[in-house]
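Letters A, B, ... are given to chains in the order of the sequence lines, protein chains preceding strands, and every chain is numbered from 1.
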Amino acid sequence: MSAALVTRGLGRRYRSTWALQDCDLEVPAGAVIALVGPNGAGKTTLLQLVAGLQRPSAGSISLFGELAPAQSPQALAQLAFVAQDHPVYRRFRVSDLLHLGRSLNRTWDQDFAERRIAELGISPRQRTGRLSGGQQAQVALALALAKRPRLLILDEPVASLDPLARREFLQVLMGTVAGEGLTVLLSSHNIAELERVCDHLVVVAGGRVQLAGDVDSLLGDHRVLTGPSAGVPGGPGVVHVDQADRHAHVVARIGPAEPLPGWQARPIGLEELVLAYLRRAREPWPVPSEMELSA
Amino acid sequence: MIWVAWRQHRGEFLGAAILLAGLGILLLTHGVAMHDAYDRLGLRECHLVFLAGTDQACIDQVMAFDDKYAGLPQQFTSWLPFLPMVAGMLAGAPLLAREFEQGTWQLAWTQGVTRTRWLATKLVVVLGVVLIASVVFAAGLSWWFEPVDIQRFTSGKFNHAVLVFPGYVLLGVAIGVLAGVVFRRVLVAAAVVIPVYLALRLPIEFGLRPRYREPLTSDDPDRIAHGWPIDDITMGPGEGFPPVRYQPDDRFWQFQLIETTILLGITVVLLAIAWRLVLGRSAPKAPPTTDGGRAGAVTVTA
Amino acid sequence: MFIFQLDSTSGVPPYLQLVHQVRQAVMVGYLREGDRLPLIREAVEQLAINPNTVSKAYRQLEHEGLVDPRPGVGTFVARAPDVTVPPAQYAKLRRGLERWLREAEAAGLDEEAVGALLAVVRRELTEEGAA
């Protein structure tokens, strides 16, 4: 599989603070990548950098194998972006928005756009400012998809939607992914919702990428170990330790190896995995000893 | 992109068109009657004599004419200088601030046209429409004001000639555009236009304008009165006319050109700063979020 | 057409939930030989899930020999599974379980205790079988 997006040493600084730094990512084409992290972690910065809405302070971005200078026509033609709260021109009618898409893009699928709007039961004469949040999100998505992008970037696409609108939005999105082999990069708070839709995961906290990879292999690599608190293992594989009086739970990246004698291992869920990395980012666990993780 | 820029500002354009059409009708009906009376009474000759202040019949006629017709135009000249400021607040401030405020800049900048073209088209369309409208409006005003006073060099006529008036309108819009880029909020940007416009306009109009060229000095009341006297004229009974500094009437267009050049110069500088802020220094800091309270929380439930 | 369901709180990976549902449906006869499973795109739109999840589930079912993909047409149920339960026997087993559960409830076992008991007994049985 070729890479849709590669970033190298990517960083963005606002005056003296880095909103994002040392970001190295490789995203295969056709993947659905979830970008997870607390607010202010740098998610929006990363998405806007990739979309060319901001210029990197450091590092580089390449899209589909080509170094893509932000805002170059080549880069713009390949991607579509739906910002947080799916902003559209509120005084426009829906048909005006489609006219906008048609006149500003070289590749534009008017049939698709009109069909989507019709499927949504929205009149083209309707003013976008009068649409419900869910409808507005769907219109913004239709506008992005009608551009026929190879990479679709969505910033918190479902955060402001009610559960039904959220489901409908993801149905359309995933249906398009299945049909077109589109690469999707989306950020979200909602890990449960993401688990269904994403196959790749990027955890961001404190302006740095904490974890990135294929969801299945990440889940396969990590385990929750439970054992005596006296012998809590250390080493680079330890992600996070919850220590009780006599026993401890350790989230560790040990692959399929057998754990140390006296320790029980169980598989980890996506939520647990993400939380372990976010907690680690907040207060890095001091490595207590040099004991090996696995026997 | 031209269509998009047009569509985006159609509302403002329509509002301005209605306003100008209304003013135009008022101006035309009043102006036609006024011009009519002016020609019928042969007031041009009288006006010339009036300046010398010798023919009582003429003085009475001119006074009567002014009483009947000059009130409305004079009212207009007192508030029209604020019209460019209003244009800046209504057309300039929202131009970019609304995009930032509503987040639509992210939609616009991820379509197929580059940011440069996007910005250039928006500016050209809006400034172009504003320019054409203000030139036409200024031409109408100049025609309207013509019979009110025989002198051209009064502030009322000078401010609304077809060069300086559009110059101030463009300046007002440019202030609004830059304020919109800096403050990213339509209301804040519109509010900022007021002090900035006044801070630029007042020194130019009252400080610089009399000094564009070294004034002449004369004691010929006819020449002085046709031009623009700089000094106050104080004349005691029985005294001759004192020598007074004045700008002669034939410098009118020269002064128009000089002031318009200054206005356009400032306009260009303001727009260049706005341009650099939008394009050069890359994108704005992430727009202010309203969900600060959720910071640090990662929702893990459906 | 067959309709999938997903429980995002169960902790079972989504692809496995799909696999289980097809297996169960075949076992009790809701899916019969020759029936077409939803196309990947149909399943994806139904559930709002990643297409890879569906194709992974179908690959596993194919690997088990339960389904048969025909390129360009769809995925079809290939054959009856090794362990088929005739509906009558299925109903009988179900009635037995119901009776047992009522007894357990009457004896004061809650859901968790029932689950624990089931797990213990099953492990013992497997160990017996292995020995």
**Student:** For B:Val164, is there any backbone N or O sitting under 3.5 Å from a side-chain donor or acceptor partner on B:Gln256?
**Tutor:** yes
**Student:** Whether the A:Arg280 and A:Gln210 side chains hold a donor-acceptor pair (N or O, under 3.5 Å, no angle test) is what I'd like checked.
**Tutor:** no
**Student:** Who passes side chain to side chain contact (heavy atoms under 4.5 Å, CB included) against B:Val182, sequence neighbours left out?
**Tutor:** B:Leu178, B:Leu277
**Student:** Side chain from CB out, backbone as N, CA, C, O: work out which of these in B:Glu99 comes under 4.5 Å of a heavy atom of chain A, or both, or neither.
**Tutor:** side chain
**Student:** Please report whether the ring centroid of A:His222 lies less than 6.0 Å from that of A:Tyr277.
**Tutor:** yes
**Student:** If contact means a heavy atom pair closer than 4.5 Å, which residues of residues 87-98 of chain B contact chain A?
**Tutor:** B:Arg98
**Student:** Compare all side-chain heavy atoms of A:Leu98 with those of A:Trp108 and state whether any distance is below 4.5 angstrom.
**Tutor:** yes
**Student:** Taking only residues two or more places apart in sequence, or in another chain, which ones meet A:Ser60 in a side chain to side chain contact (heavy atoms under 4.5 Å, CB included)?
**Tutor:** A:Arg8, A:Leu67
**Student:** Would one find more than 12 heavy atoms of other residues, nucleotides or ligands at under 6.0 Å from atom CD1 of B:Ile2?
**Tutor:** no
**Student:** Would you mind checking which part of A:Ile153 comes under 4.5 Å of any heavy atom in chain B, side chain (CB onward), backbone (N, CA, C, O), both or neither?
**Tutor:** neither
**Student:** Give the member of A:Val82, A:Leu100, A:Leu143 that has the highest number of heavy-atom pairs under 4.5 Å with chain B.
**Tutor:** A:Leu100
**Student:** Heavy-atom cut-off 4.5 Å, strictly under: side chain, backbone, both or neither for A:His99 against chain B?
**Tutor:** both
**Student:** Could you tell me which residues satisfy side chain to side chain contact (heavy atoms under 4.5 Å, CB included) with A:Asp96, sequence neighbours excluded, listed by chain and number?
**Tutor:** A:Phe92, A:Arg93, B:Trp3, B:Arg7
